[in-house]
Amino acid sequence: MHHFDYKNNALHGEDVALSDIAEKVGTPFYCYSAATLRRHFRVFADAFKGQDTLVAYSVKSLSNLAVLKLLANEGAGADVVSAGELKRARAVGIPAKKIVFSGVGKTIDEMTLALEEGIHQFNVESEPELLQLSEVATRMNKRAQIAIRVNPDVSAGGHDKISTGRKEDKFGISWERAEEVYAQAKDLPGIDVVGVDIHIGSQITDLAPFEQAFTKVTKLVETLRAQGCPISRLDLGGGLGIPYHHNHGTNTPPPPTPSEYAALIRKITDPLDVQLIFEPGRMIVGNAGILVAKTIFVKDGDVRRFLILDAAMNDLIRPALYDAYHEVIPVKEPAATAEMAQVDLVGPVCETGDTFARQRNMPPVQKGDLVAFLSAGAYGAVQASEYNTRPLVPEVLVDGDQFAVIRERPTVEDILKREIIPDWL
Ligand SMILES: *Cc1c(COP(=O)(O)O)cnc(C)c1O
């Protein structure tokens, strides 16, 4: 569900024509829909109504301050993976008590900051981290509330590079060692053991791996409690997938809805009487964002037609990084009778990897035409870089009939100014 539709033959974000935004800010740009963001957050939060729940939005999926502020207004907490993300969450007024800190490599400085802020929970991913955190907290005369991320060893499908819950993945503590590490944690001076955490992967479109993992982790909570660990929270991570194919027919079944997901979780975890913590990212922002680009050239190669766009892998790296699929549609609505033809969609960067799609069926697109990459809200703008000295892609938020630039496009002069030539050159 999203709010990017054709009206009067032109693609709109809510009530704003994307061509109007393009005229104002240039291309390429990301555009997010406030209505979609609110809707997705509410649907997820409402699915757990009546249950003690913290929805800690995964800041890494889309971390723009305006988006965080919008979600904070809806009551969102934050799942952060760095001091930078923690500062973002605090900057928009997300209370420290709604912040959880994940990630395999927290530094001493990051631990110190999070303890000073008084965050809700650290999700600890290894024994060295546990010992370090206890030491830092003790030195500060504080105690860190922790959950240990356990690795339930389920394979959640999806792309290899976004699977996280298997034995060979770098995340969490192995299932076999969990009880032993909890026993150790319980006796550490700077540590309060409060929860168990899992996150089995991303873009999971089937309930079965969730059911498997959540059932396993529920048993673990019971075992740990019996061993004297006062587990009062269960962090079930993020990972619920979204549809990336909208118009074209495909064999992929639709991902579970939040209410189906919630029903499964309630059935499994109800007897535990715990606070449930969730860290959804993609599910909230994925379909709430698009990337709009302009066609620089239509190039007819010997065997293929290329649409050369002014967006590139530095603006949206998902296709190059994990073969991600993004639906691409013209901003000007094609005629119902328009003939489809296969094209390769590429960017101007000097890498063969700078290819968004090969042999994609598209209606006719001409030089100068705008196209929109759908479902680009999550892991899009946040992974953008300035490779090839292409200025960081700007971000725009629409809300009804208004829109605002929420991150400006830097000028090339801005980029050059950050660099320093030493005197001795
Ligand atoms: C990335 C991540 C998430 C968010 O995953 P989504 O698939 O975007 O919902 C949640 N928790 C942790 C620990 C993560 O690393």
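All ligand and atom numbering here is 1-based and tracks the order in the structure.
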Enquirer: So if I count the atoms of ligand 1 from 1 in the order they appear, which ones are less than 4.0 Å from some heavy atom of Glu279?
Expert: 3 (C), 4 (C), 9 (O), 10 (C), 11 (N), 12 (C), 13 (C)
Enquirer: If we only consider heavy atoms of Lys60, is any one of them less than 4.0 Å away from an atom in ligand 1?
Expert: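 It does, in that a heavy atom of Lys60 comes within the 4.0 Å cut-off of ligand 1.
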Enquirer: Would you mind running through ligand 1 and noting each atom that sits below 4.0 Å from a heavy atom of Gly281?
Expert: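 Under 4.0 Å from Gly281, ligand 1 has these atoms: 6 (P), 8 (O), 9 (O).
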Enquirer: How long is the gap from CD on Glu419 to CG on Leu416, to the nearest 0.5 Å?
Expert: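 Result: 6.5 Å between the selected atoms.
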Enquirer: State, with a plain yes or no, whether a side-chain heavy atom of Val67 is found less than 4.5 Å away from one of Tyr32.
Expert: yes
Enquirer: Is there any N or O on Ser58 that sits under 3.5 Å from an N or O of ligand 1?
Expert: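 Min N/O separation from ligand 1 is not below 3.5 Å for Ser58.
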Enquirer: Which ligand 1 atoms are under 4.0 Å away from a heavy-atom of Arg149?
Expert: 13 (C)
Enquirer: Based purely on interatomic distance, does Arg282 place a nitrogen or oxygen under 3.5 Å from a nitrogen or oxygen of ligand 1?
Expert: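 Arg282 vs ligand 1: N/O contact under 3.5 Å present.
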Enquirer: Ligand 1 and Pro280, any nitrogen or oxygen pair closer than 3.5 angstrom?
Expert: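 No: no nitrogen or oxygen of Pro280 is under 3.5 Å from one in ligand 1.
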Enquirer: I'd like to check which ligand 1 atoms, numbered from 1 as shown, lie under 4.0 Å from a non-hydrogen atom of Asp79.
Expert: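 Checking each atom against Asp79, I get 10 (C), 11 (N), 12 (C).
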Enquirer: Please confirm whether Tyr379 comes under 4.0 Å of ligand 1, counting heavy atoms of the residue only.
Expert: yes
Enquirer: With a distance cut-off below 6.0 Å to the six-membered ring centre and an angular limit of 45° from the axis, does Lys106 pair with Phe101 as a cation-pi contact?
Expert: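 Yes, cation above the ring, under 6.0 Å and within 45°.
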Enquirer: So, do Ile231 and Val194 sit near enough that their side-chain heavy atoms are less than 4.5 Å apart?
Expert: no
Enquirer: As a quick check of understanding, evaluate salt bridge (charged side-chain N to carboxylate O under 4.0 Å, His left out) for Arg304 and Asp344, giving each step before the final call.
Expert: CA-CA 7 Å; Arg304 289 196 179 184; Asp344 281 16; 2.8 Å; yes
Enquirer: Determine the sole option in Val80, Ile119, Asp79, Asp197 for which the side chain to side chain contact (heavy atoms under 4.5 Å, CB included) test with Val100 is passed.
Expert: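 Among Val80, Ile119, Asp79, Asp197, the one that satisfies the side chain to side chain contact (heavy atoms under 4.5 Å, CB included) with Val100 is Asp79.
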Enquirer: Please list, in number order, the atoms of ligand 1 under 4.0 Å from a heavy atom of Ser202.
Expert: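 The atoms of ligand 1 under 4.0 Å from a heavy atom of Ser202 are 5 (O), 6 (P), 7 (O), 8 (O).
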Enquirer: Is the centre of the Tyr325 ring less than 6.0 Å from the centre of the His245 ring?
Expert: yes
Enquirer: For residues Leu18 and Cys31, determine if any side-chain heavy atom of one lies less than 4.5 Å from a side-chain heavy atom of the other.
Expert: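 SC-SC contact between Leu18 and Cys31 confirmed.
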Enquirer: Mind checking whether Gly239 has an N or O less than 3.5 Å away from an N or O of ligand 1?
Expert: yes
